[in-house]
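One structure is given here, and the rest of the page talks about it.
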Amino acid sequence: MPTVSAGWIGTGKVRAREADGAVEITIDGLTTQAKYYKPLVYEFMRKEWTSRPSWGDYVVEIRMEHVGEPPWIDLDNLAKALLDAIKGYLFHDDSQVARLLVERSEGERERISIRVFPRP
C-alpha cells in the first residue's frame, strides 16, 4: 500500500482513504444491528475502492464511538460483519488477520472507524 497520504473517497455514510501504509474507513452513525454494516461497507468497497487485495498478515483495528450510553451491540458480531465486508478488497481472507482489536468508546459523534494495515 502507498505511504503517501491521500484524500478521502466517498460522500455517503462510508468514506475511506489510504494513509501512511494503512487503509482507514469511517462509517457515520450507529445501529444496534451489526448485520446492517456488512452490505453497507461491501457496496462501498465494490463501487468506490480501486486497490487490489494483498497476501500476508494484517492488523485490523475497529473502534465504535458513541455519544451518551453505549448502544446494545455485540462487538464480536460487528467485527465479523466488517471483516466479511472488506475481505476480498483489502486482503484475500480473514485468516490473514493476525491481530484484531475491537473497542467501544465515548466520542464526539456516533461512528465506526476501521484501520487496516500489514502486520509489521
Side-chain angles (χ1 to χ4, degrees):
M1 286 184 211
T3 57
V4 176
S5 179
W8 290 94
I9 60 169
T11 56
K13 285 183 166 278
V14 182
R15 292 182 324 280
R17 71 177 176 178
E18 291 183 74
D20 299 323
V23 173
E24 299 171 359
I25 302 168
T26 62
I27 306 160
D28 290 332
L30 292 177
T31 177
T32 58
Q33 298 297 310
K35 63 184 177 184
Y36 164 82
Y37 296 105
K38 183 177 177 179
L40 182 70
V41 174
Y42 174 81
E43 277 302 302
F44 170 83
M45 297 304 285
R46 188 178 70 78
K47 291 179 180 178
E48 304 280 344
W49 198 249
T50 57
S51 296
R52 308 285 296 187
S54 298
W55 293 103
D57 287 345
Y58 280 84
V59 175
V60 179
E61 299 171 347
I62 300 170
R63 181 180 179 137
M64 182 186 78
E65 295 180 51
H66 60 88
V67 176
E69 290 295 314
W72 289 94
I73 186 170
D74 292 336
L75 291 180
D76 59 328
N77 292 337
L78 176 64
K80 183 63 178 154
L82 294 172
L83 289 173
D84 284 348
I86 62 176
K87 175 178 63 180
Y89 293 98
L90 302 182
F91 44 79
H92 293 279
D93 190 82
D94 340 2
S95 65
Q96 292 176 253
V97 178
R99 181 172 182 261
L100 176 63
L101 171 67
V102 185
E103 64 182 342
R104 177 182 67 216
S105 65
E106 193 160 350
E108 294 179 12
R109 66 183 209 225
E110 296 188 332
R111 71 176 159 199
I112 296 172
S113 302
I114 308 164
R115 189 166 178 263
V116 180
F117 55 96
R119 185 175 185 183

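Reckoned from all heavy atoms, side chains included, excluding hydrogens, waters and symmetry mates.
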State, to 0.1 Å, how close G21 and P118 come at their nearest heavy-atom pair, and which atoms those are. O-CD, 3.5 Å
Considering non-hydrogen atoms only, spot the tightest contact between G7 and R17 and give its length. O-CB, 3.5 Å
How many angstroms lie between CD1 in I86 and CH2 in W49, if you round to the nearest 0.5 Å? 10.0 Å
Below 4.5 Å, heavy atoms only, C-beta onward: do D57 and F91 meet side chain to side chain? no
State whether the number of non-hydrogen atoms from other residues, nucleotides or ligands found under 6.0 Å of K87 atom NZ is greater than 12. yes
Charged tip of R119 within 45° of F117 ring normal and under 6.0 Å: no
Hydrophobic clustering (ILVMFWY, side-chain heavy atoms < 4.5 Å, transitive) - are V67 and I62 grouped together? no
Which is it for R52 and Y89 under the side chain to side chain contact (heavy atoms under 4.5 Å, CB included) test, yes or no, and what are the steps along the way? CA-CA 6 Å; R52 308 285 296 187; Y89 293 98; over 6 Å; no
Between L90 and M45, is there a side-chain heavy-atom distance shorter than 4.5 Å? yes
Do H66 and R104 have side-chain heavy atoms sitting under 4.5 Å apart? yes
Using modelled atom types only, decide if a donor and an acceptor are shared between the side chain of D74 and the backbone of D76 within a distance under 3.5 Å. no
Intermediate values then yes/no, salt bridge (Lys or Arg N to Asp or Glu O under 4.0 Å), R15 and E48: CA-CA 9 Å; R15 292 182 324 280; E48 304 280 344; over 6 Å; no
Is any side-chain heavy atom of K13 less than 4.5 Å from a side-chain heavy atom of F44? no
Side-chain contact test, heavy atoms from C-beta onward, threshold under 4.5 Å: evaluate it for L83 versus V97 and give yes or no. yes
On a heavy-atom basis, the closest approach of A34 and A81 is O-CB, 3.5 Å
When rounded to the nearest 0.5 Å, the distance separating CG of L78 from CD1 of I27 is 7.5 Å
How far does OG1 of T31 sit from OH of Y36, to the nearest 0.5 angstrom? 7.0 Å
Consider only side-chain N and O atoms of S51 and E18, and report whether a donor and an acceptor are under 3.5 Å apart. yes
Can you tell me how far apart CE (M64) and CD (E103) are? Round to the nearest 0.5 Å. 10.5 Å
Got a salt bridge between E61 and R99, using NZ or NE/NH1/NH2 to carboxylate O under 4.0 Å? yes
Answer yes if I73 and L101 sit in the same cluster of Ile, Leu, Val, Met, Phe, Trp and Tyr residues linked by side chain heavy atoms under 4.5 Å apart, and no otherwise. no
Minimal heavy-atom distance between G12 and D28, with the atoms involved, is O-OD2, 4.4 Å
Any side-chain heavy-atom pair of V102 and V60 under 4.5 Å: no
Kindly indicate whether the side chain of D84, heavy atoms from C-beta on, has any atom under 4.5 Å from the side chain of D94. yes
Can you give me the closest heavy-atom contact between G56 and Q96, atom names plus distance? O-NE2, 2.8 Å
Starting at OG1 of T26, measure out to CD1 of I114 and round the result to the nearest 0.5 Å. 9.0 Å
Separation between OG of S113 and CZ of R111, rounded to the nearest 0.5 Å: 5.0 Å
Contact check, side chains of Y37 and L30, non-hydrogen atoms, under 4.5 Å: yes
